[in-house]
Engineer: 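The structure follows.
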Amino acid sequence: MTGVKRLIQEANPVRNDRVENVARAEARLAELLGGRAAAETTTPPRTPVRRRALVWGMATAIAVVGASVAGVIVLRDPAPPSSSDEPFFSTTADLEDRAEAIVRATVVATRTVTRDGFTETVASAELSRVAKGDPQPGSSIEVVYSSSGPEQAGGIRRGGEYVLLLQRRDATSWNLVNTVQGYYTVKQDALAPTTDNPVELSAGVRTSLGVS
């Protein structure tokens, strides 16, 4: 008890001559100590708060990473296909194999037809030589191709002479294998491909058609 008195007196920063009631001081001390203990008991520890913050932080990081990955997927997503779905042949063999007929012909007439909302050109061509297929030299065939859009054979004109690489459309008409490689212009027995066609015809085909 004497120690408690001394502790209280030393802890009191205000010096006075009044003698503290020891019992009252002890009760006050017990009250203070009890309040502190209660406060420590009722105050929630900080660790769960930090854990919650950590959990939220991890969730946010995962969301950000997920969004980044999604962004990468979108960026890698392939671009939309072209409106033209024509095949393109990178070798002479592939090009000539695809054609059911390879002919040398002069376009004598053209007309435009519209079916089901699509506009096409029908060219009447007189054949002078045949390197492949059923058509016979001296006969006339009809070749149908697009008049507009990305799939148009804009270089074919009435009165022009061409080597045509064809696929059968129906019993009376033919299509070009494609509108870039389906025809070569003949100028003084020499072949001139379209600007987008790097493929030459084989020596055997050229010989059969009388072109170089």
Side-chain angles (χ1 to χ4, degrees), residues 73-212:
I73 292 173
V74 169
L75 290 175
R76 290 182 178 179
D77 191 36
S82 167
S83 59
S84 173
D85 58 359
E86 292 187 314
F88 187 87
F89 307 100
S90 58
T91 68
T92 299
D94 288 342
L95 177 59
E96 293 180 356
D97 286 347
R98 179 57 62 96
E100 297 178 60
I102 303 176
V103 301
R104 180 174 177 175
T106 299
V107 175
V108 296
T110 61
R111 70 182 189 275
T112 300
V113 297
T114 300
R115 302 187 184 99
D116 301 324
F118 295 96
T119 301
E120 296 178 307
T121 297
V122 179
S124 297
E126 293 183 352
L127 310 187
S128 58
R129 296 199 179 198
V130 176
K132 178 181 180 181
D134 297 333
Q136 298 298 311
S139 64
S140 179
I141 63 173
E142 288 191 337
V143 181
V144 184
Y145 53 90
S146 176
S147 299
S148 61
E151 297 179 10
Q152 59 175 314
I156 297 179
R157 299 285 187 271
R158 185 177 61 182
E161 188 177 16
Y162 306 93
V163 167
L164 305 175
L165 289 88
L166 306 170
Q167 290 180 322
R168 184 172 290 281
R169 179 185 179 108
D170 53 41
T172 60
S173 60
W174 299 77
N175 289 127
L176 302 173
V177 292
N178 66 38
T179 51
V180 173
Q181 299 173 293
Y183 69 98
Y184 294 71
T185 302
V186 178
K187 295 181 179 180
Q188 298 179 349
D189 292 335
L191 290 183
T194 64
T195 55
D196 295 323
N197 181 15
V199 179
E200 295 183 352
L201 296 180
S202 65
V205 168
R206 295 199 307 271
T207 298
S208 297
L209 299 177
V211 293
S212 58

Engineer: Would you give the length of the straight line joining atom CZ of Phe88 to atom CG of Leu95, rounded to the nearest 0.5 angstrom?
Structural biologist: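 Between Phe88 CZ and Leu95 CG, I get 9.0 Å after rounding to 0.5 Å.
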
Engineer: Could you walk me through whether Leu165 and Leu201 pass the side chain to side chain contact (heavy atoms under 4.5 Å, CB included) test, one step at a time?
Structural biologist: CA-CA 10 Å; Leu165 289 88; Leu201 296 180; 4.0 Å; yes

Engineer: Identify, with sequence neighbours excluded, every residue that meets side chain to side chain contact (heavy atoms under 4.5 Å, CB included) alongside Thr91.
Structural biologist: Ala93, Asp94

Engineer: Ser90: which residues meet the side chain to side chain donor-acceptor pair (under 3.5 Å) condition with it, sequence neighbours left out?
Structural biologist: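 Not a single residue meets the side chain to side chain donor-acceptor pair (under 3.5 Å) criterion with Ser90.
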
Engineer: Please examine the side chains of Thr110 and Val122, heavy atoms only from C-beta on, and report whether any two atoms are closer than 4.5 Å.
Structural biologist: no

Engineer: With side chain to side chain donor-acceptor pair (under 3.5 Å) as the rule and sequence neighbours excluded, what pairs involving residues 97-108 come up?
Structural biologist: Arg104-Glu161, Arg104-Asp189

Engineer: Where do Pro87 and Asn178 come nearest, in terms of heavy atoms and distance?
Structural biologist: O-ND2, 2.8 Å

Engineer: Can you tell which of Val103, Asn175, Val177 makes a side chain to side chain contact (heavy atoms under 4.5 Å, CB included) with Leu166?
Structural biologist: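 When Val103, Asn175, Val177 are each tested with Leu166, the side chain to side chain contact (heavy atoms under 4.5 Å, CB included) holds only for Val103.
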
Engineer: Under the salt bridge (charged side-chain N to carboxylate O under 4.0 Å, His left out) definition, can you give me all pairs with a residue in residues 126-143, not counting sequence neighbours?
Structural biologist: Arg111-Glu142

Engineer: Checking Tyr183 side chain against Thr194 main chain: does a donor-acceptor pair fall under 3.5 Å?
Structural biologist: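 No.
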
Engineer: How close do Val107 and Ala123 get, heavy atom to heavy atom, and via which atoms?
Structural biologist: CG1-CB, 4.1 Å

Engineer: Determine which pairs satisfy side chain to side chain donor-acceptor pair (under 3.5 Å) with at least one residue from residues 196-212, sequence neighbours left out, and list them in order.
Structural biologist: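 For residues 196-212: Glu96-Ser202, Gln181-Asn197, Tyr184-Asn197.
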
Engineer: In Å and rounded to the nearest 0.5 Å, what is the CD1 to CG distance from Ile102 to Leu209?
Structural biologist: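 Answer rounded to 0.5 Å: 7.5 Å.
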
Engineer: Which pairs pass salt bridge (charged side-chain N to carboxylate O under 4.0 Å, His left out) with one or both residues in residues 169-184, sequence neighbours excluded?
Structural biologist: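 Passing the test, one end in residues 169-184: Glu120-Arg169.
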
Engineer: Which heavy atom of Pro137 sits nearest to which heavy atom of Ser128, and what is that distance?
Structural biologist: CB-O, 3.6 Å

Engineer: Take Ile156 and Thr121 through the side chain to side chain contact (heavy atoms under 4.5 Å, CB included) test and state the conclusion after the steps.
Structural biologist: CA-CA 10 Å; Ile156 297 179; Thr121 297; over 6 Å; no

Engineer: From Ser173 OG over to Ile141 CD1, what is the distance, rounded to the nearest 0.5 angstrom?
Structural biologist: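 If we round to the nearest 0.5 Å, Ser173:OG and Ile141:CD1 are 9.5 Å apart.
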
Engineer: Answer yes or no: does atom CZ of Arg158 have more than 12 heavy-atom neighbours from other residues, nucleotides or ligands under 6.0 Å?
Structural biologist: no

Engineer: Nearest heavy-atom pair of Pro135 and Val130: which atoms, and what distance?
Structural biologist: O-CG2, 3.3 Å

